[in-house]
Amino acid sequence: LEAPGLHKKFEGYLDSEVNKGLVDYIYEFIDSGDLPESLENYCVKLKVPNGYGGITLIPAGKISLEYWKKLVSINWYDLFFKDDEKLECPLGVPLFCYLKEQIEKEIKPDFLLIDSRTGVTETSSLCISILSDVVVCFMGTNKENQEGIKQILLSLKRTKELQERPFKVIIAITRIPKPENETEDELERKIVKDILDYLNEPYEGHSLEISKNDIYVLHSYRDLEKQERLLIESDKIRESTLTDNYMQLFSNLLPRDTFESEIDKILGEIVDWKNMLSDPEKTQKDIEEIKRLRDEE
């Protein structure tokens with residue numbers, strides 16, 4: 001939303017050029033008053049290797065002078081907070097409900113991932129209050145990051161609409177080096193505890209109820225520090241700590257029935273004697289992960 005650079009991360013995987021995006025979608029609605037009939041002109045497909053399934057991207061827009069003119073001309077506050085005499089709510093609310101319905105009908109995704117604008121803004125609140133069932137807040141270890149996340153979560157808790165529609169919040173603490181010994185492991189636990197205590201500390205009569213089960217650590221991956229790129233084709237990433245971190249995060253994010261069948265498939269691989277003999281450490285890890293998932297059930 002608003003920042004038109006996300007598709008740059010997928011260079012080499014796009015099946016066509018980006019010509020329009022979400023900002024164009026909103027601008028054209030404001031300009032004409034007509035709802036777009038189709039999302040076709042606002043989407044690009046990603047060519048995903050190794051049979052991982054399809055990904056459809058709705059970018060913010062094409063990076064150009066015209067894009068920035070459209071973005072500046074949109075009055076986000078009026079769109080989402082100014083009452084319309086003919087409607088029971090501001091125009092932006094039914095517009096984004098319509099957009100969500102279009103995505104469900106035309107794209108039919110298993111999951112909708114929304115890259116919200118950073119910080120406390122009209123659009124970040126919109127993403128969460130109208131579109132999201134689960135909110136994942138990526139947080140650094142610096143106080144600036146932590147304070148910003150806390151203010152966003154407090155704002156959400158005070159929002160009347162969200163009080164009527166419960167949603168799940170997960171905190172992902174990012175770019176912490178993988179502990180190499182007991183001392184570093186203890187330091188990581190202290191970092192997580194300090195962040196948890198800070199988030200739950202009352203603020204102006206309001207408080208959050210974040211538990212340690214809502215906090216995940218995504219360890220740093222040195223290759224990405226050198227050059228940011230997609231790793232979906234890399235065998236190396238599958239054996240990394242970061243992969244394990246994300247799998248733990250995903251298992252908490254996704255509904256139980258979405259990965260129940262995968263557990264059975266993993267079990268089938270484990271009982272294959274060849275796998276057990278060739279990679280006993282992996283087999284042990286798989287068994288421990290299945291036990292953890294079963295316990296959570």
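It should be emphasised that the depicted structure is a prediction, and the values quoted were computed from it without experimental measurement.
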Can you confirm whether the side chains of Asp244 and Thr241 place a donor and an acceptor under 3.5 Å from each other? no
If we only count heavy atoms from C-beta on, is the Thr56 to Leu46 side-chain gap below 4.5 Å? no
One should read off an interatomic distance between Lys47 NZ and Ser16 OG, to the nearest 0.5 angstrom, of 9.0 Å
Are Glu184 and Asn181 side-chain neighbours, meaning at least one heavy-atom pair lies under 4.5 Å? yes
In short, Ile171 meets Leu153 closest at the heavy-atom pair CD1-CD1, 3.9 Å
Give, for atom CD1 of Ile173 and atom CG of Leu196, the distance between the pair rounded to the nearest 0.5 Å. 8.5 Å
Determine whether Tyr216 and Val136 satisfy the following criterion, side chain to side chain contact (heavy atoms under 4.5 Å, CB included), listing intermediate values before the conclusion. CA-CA 10 Å; Tyr216 290 80; Val136 183; over 6 Å; no
Are Lys212 and Val192 close enough that some pair of their side-chain heavy atoms sits under 4.5 Å apart? no
Side-chain ion pair, Glu147 and Lys150, N-O less than 4.0 Å: no
Should we say atom CD of Glu106 is surrounded by more than 12 heavy atoms from elsewhere, each under 6.0 Å from it? yes
Gap separating the CD1 atom of Ile30 from the CG atom of Leu95, nearest 0.5 angstrom: 8.0 Å
Closest approach of Tyr42 and Gly21, non-hydrogen atoms and distance? CD2-O, 3.4 Å
Between Tyr98 and Tyr25, which heavy-atom pair has the shortest distance, and what is it? CD2-OH, 3.4 Å
Given side chains that start at C-beta, do those of Leu14 and His7 come closer than 4.5 Å, heavy atoms only? yes
Is there a side-chain contact between Ile107 and Ile58 (heavy atoms, below 4.5 Å)? yes
Let me confirm one number: the CG-CG distance from Leu91 to Asp78, rounded to the nearest 0.5 Å. 10.0 Å
Would Thr183 and Leu187 count as a side chain to side chain contact (heavy atoms under 4.5 Å, CB included) if you check the C-alpha gap in whole Å, the side-chain angles of each, and the deciding distance to 0.1 Å? CA-CA 6 Å; Thr183 302; Leu187 177 60; 5.8 Å; no
Do Leu199 and Met139 have side chains that get closer than 4.5 Å, going by heavy atoms? yes
Which residue, His219, Lys193, Lys178, forms the side chain to side chain donor-acceptor pair (under 3.5 Å) with Glu188? His219
Minimal non-hydrogen separation, His206 against Leu154, with atom names: CB-CD2, 3.9 Å
Which atom of Ala172 lies closest to which atom of Leu218, heavy atoms considered: CB-CD1, 4.0 Å
Close side-chain approach of Asn41 to Asp24, heavy-atom, < 4.5 Å: no
Evaluate the side-chain proximity of Val169 to Asp214: yes if any heavy-atom separation is below 4.5 Å, no if none is. no
Could you state the interatomic distance from CD1 (Ile152) to OG (Ser116), rounded to the nearest 0.5 Å? 7.5 Å
Could you go through Leu99 and Leu22, starting from their C-alpha distance and side-chain angles, then the distance that decides it, and tell me whether this counts as side chain to side chain contact (heavy atoms under 4.5 Å, CB included)? CA-CA 10 Å; Leu99 171 61; Leu22 190 60; 3.6 Å; yes
Tell me, please, whether Tyr198 has Lys143 positioned over its six-membered ring: NZ or CZ under 6.0 Å from the ring centre and within 45 degrees of its axis? yes
CG of Leu39 to CD of Gln102, rounded to nearest 0.5 Å, is 4.0 Å
As a quick check of understanding, evaluate side chain to side chain contact (heavy atoms under 4.5 Å, CB included) for Trp76 and Ile26, giving each step before the final call. CA-CA 10 Å; Trp76 296 100; Ile26 296 170; 3.6 Å; yes
Grab the two heavy atoms, one from Ser207 and one from Pro202, that are nearest each other, plus how far apart they are. CB-CA, 4.1 Å
